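We're numbering straight along the sequence, starting at 1. As the structure is a prediction and not an experimental result, all values here were calculated from the model.
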Amino acid sequence: MGRSCLPRWRLGRLMAGLQVILGLTVITVSFSCLYRFHSAGYFLHNDDICRNIYTIKEVSNEGFDLKALHDRVDEVLEKMDSLYEKLEKTVKEMEKSKDGSKKEIKKFLEDEVMKPFYYAHIGLRQIRLPKPEGIRNTTEKEEPLINKFLIEEIRKYITPKDNRVGKINMFGTERVYNTIGHTCVLMKMELEKYMDYDVGAYCDDDWNLAQKLILGGCDPLPRRRCLTRASMTYQKPYPINESLWKLPDDRNVRWGNYQCRNFACLSSKNPKRGYTKCSGCFEMEKESDKWVKNSTLLVDFMIKDVLRAKPGEIRIGLDYGVGTGTFAARMREKNVTIVTTALNLGAPFNEMIALRGLIPLYISLNQRLPFFDNTMDMIHTAGLMDGWIDLLLMDFVLYDWDRVLRPGGLLWIDRFFCKKKDLDDYMYMFLQFRYKKHKWAISPKSKDEVYLSALLEKPPRAI
């Protein structure tokens, strides 16, 4: 037994000795590194040291022809462009062939050659070389948002893009800045998911994620470099003389992110239709009566009476609300072009408006209107801004409407409703601009709520 224990004891002493030696080595290296960092001044706040560490020093160009490098990269890019065009032409010729082997070669070229080639081409174009004129002593500037995100496509998007010609462009700037909404930083996980795709490939069917970002204040969204999916069974739309008052073809909508799978399912009679605002908007029989038939309520104005206030002057306008474009359809019959704002709140509102042959504007309440000052003849609002809205937010929205409405333009407030006790506050919001009153009506909605409708004209303000 004694003989068998001796080797184990010697082995244990040997391992313990090695551990001690390794430990001393680690401690020695650590102290050496700490001493070097201290000597270099990394633990001291010193402006000279900061400049020495974080400033790009002058780069010597001796033995390095920067212009030749630029020319060489441009030459490679031109050759890649030429080769890609030849490959694309070959693939198109193979598409016409009925030979099975050629189809296999075509698929191989698309998947294994052209796609990686395209990504490499784009990646090479993203490389930014120093300008041949030389590199000046300057502190490196970086966009503050870049390091907030890990997905490369976001970083590429928000990086300022210098003009290729090296001069001021037609907009009067040396570079172009792509913008994103300020709350995109707070919705980092959702935005990175939205921007995680293969360049040139098909996008995910994720419009609902995009809308979530928009409604959360991440607006404007960054552009994407992927291909939008459409319905696999898309049919040509109906002619304009039919489309205005006819439900579109179900096959022209991607229904994957809705509860319903066809337009008939969106009927107000269906409790599982997936949306609550503007129930009945997808029923053309009900929609066809709006703004053209007399109502018992004083707050229901008819289009012919509104247009009579400014005969021949109303040509273009904005419908700011929730709906399927019926107001724009009725105004089209009067030769007035109306842009309709819409969000897909549980149903395909944007698709419905477009398939009727009208213009949808995909915009949220958060965003400034994309129109220039004093350009709209009319703004009509119904069903969106009601008694739920914060007064300060409403103030910003109303001032934006005033900005785009031209002098003499009409603001049509249609069936705005709120609690009786809040009516004075909202009336002040509408009347503060000193618009001329053409129509003004209040009707009870329920025991505690009231409707307000008004037709107001913007004053000239020739200052």
Side-chain angles (χ1 to χ4, degrees), residues 54 77 80 110-112 114-129 139-164 173-232 253-259 274-275 341-351 360-370 393:
Y54 297 111
L77 286 171
M80 291 179 78
E110 287 179 340
D111 296 342
E112 304 298 332
M114 292 184 68
K115 193 173 179 180
F117 187 88
Y118 175 77
Y119 292 157
H121 187 194
I122 294 297
L124 185 57
R125 286 196 176 276
Q126 292 288 338
I127 297 174
R128 300 195 176 183
L129 297 172
T139 302
E140 184 176 8
K141 292 183 179 179
E142 191 177 68
E143 291 300 301
L145 283 178
I146 287 178
N147 290 327
K148 295 285 185 182
F149 301 102
L150 299 177
I151 298 297
E152 188 63 22
E153 275 295 280
I154 306 178
R155 297 166 66 91
K156 287 178 180 177
Y157 181 78
I158 61 180
T159 302
K161 312 301 186 296
D162 292 331
N163 303 332
R164 294 186 67 178
T173 61
E174 295 180 350
R175 60 189 60 85
V176 175
Y177 293 88
N178 292 322
T179 58
I180 59 174
H182 69 283
T183 60
C184 291
V185 176
L186 303 178
M187 305 181 77
K188 176 184 174 184
M189 185 171 67
E190 291 88 348
L191 183 62
E192 289 187 339
K193 182 180 178 182
Y194 177 72
M195 294 296 289
D196 189 9
Y197 57 84
D198 293 328
V199 175
Y202 283 102
C203 308
D204 292 334
D205 188 13
D206 57 357
W207 67 261
N208 52 341
L209 174 60
Q211 183 166 281
K212 179 183 177 182
L213 286 161
I214 290 171
L215 293 175
C218 184
D219 186 21
L221 278 175
R223 296 185 178 103
R224 295 202 293 188
R225 297 187 294 168
C226 55
L227 304 174
T228 302
R229 297 173 186 267
S231 172
M232 296 177 66
V253 175
R254 292 184 66 90
W255 295 95
N257 291 314
Y258 302 111
Q259 287 190 29
Y275 70 99
T341 65
L343 288 167
N344 286 7
L345 300 174
F349 288 96
N350 278 273
E351 296 96 315
L361 180 62
Y362 191 51
I363 190 174
S364 72
L365 197 62
N366 311 334
Q367 190 174 339
R368 182 179 188 263
L369 290 174
L393 172 58

Determine yes or no for a side-chain-to-main-chain donor-acceptor pair under 3.5 angstrom, with [X] supplying the side chain and [Y] the backbone.
| X | Y | result |
| --- | --- | --- |
| Asn178 | Tyr157 | yes |
| Tyr202 | Thr228 | no |
| Lys188 | Lys148 | yes |
| Lys193 | Leu209 | no |
| Thr183 | Gly216 | yes |
| Thr341 | Leu361 | no |
| Arg229 | Cys203 | yes |
| Asn344 | Asn208 | no |
| Asp219 | Cys184 | no |

(message) I'd like to know whether CD of Glu152 has more than 12 heavy-atom contacts from other residues, nucleotides or ligands below 6.0 angstrom.
(response)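 More than 12 within 6.0 Å, yes.
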(request) State whether Tyr194 and Arg224 meet the cation-pi test: NZ (Lys) or CZ (Arg) under 6.0 Å from the six-membered ring centroid, and within 45° of the perpendicular axis. (result)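 Positive - Arg224 is close enough to the ring of Tyr194 and near enough to its axis.
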(message) Rounded at 0.5 Å granularity, tell me how far CD1 in Ile151 sits from NZ in Lys156.
(response)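 Nearest 0.5 Å value for the CD1-NZ distance: 11.5 Å.
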(request) With rounding to the nearest 0.5 Å, note down the distance linking CG in Leu186 to CG in Leu191. (result)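 Rounded to the nearest 0.5 Å, the CG-CG separation comes out at 11.5 Å.
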Between [X] and [Y], what is the shortest heavy-atom contact and its length?
| X | Y | result |
| --- | --- | --- |
| Asn350 | Ala342 | ND2-O, 3.3 Å |
| Leu345 | Tyr275 | O-CB, 3.3 Å |
| Leu343 | Ser364 | CD1-CA, 4.1 Å |
| Ala230 | Arg254 | O-NH1, 2.8 Å |
| Pro222 | Met195 | CG-SD, 3.6 Å |
| Trp207 | Asn257 | NE1-ND2, 3.3 Å |

(request) Please step through salt bridge (Lys or Arg N to Asp or Glu O under 4.0 Å) for the pair Arg175 and Asp162, ending with a clear verdict. (result) CA-CA 4 Å; Arg175 60 189 60 85; Asp162 292 331; 2.9 Å; yes
(request) Determine whether the side chains of Gln211 and Tyr362 contain a donor N or O and an acceptor N or O closer than 3.5 Å. (result)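 Yes, side-chain donor-acceptor contact under 3.5 Å.
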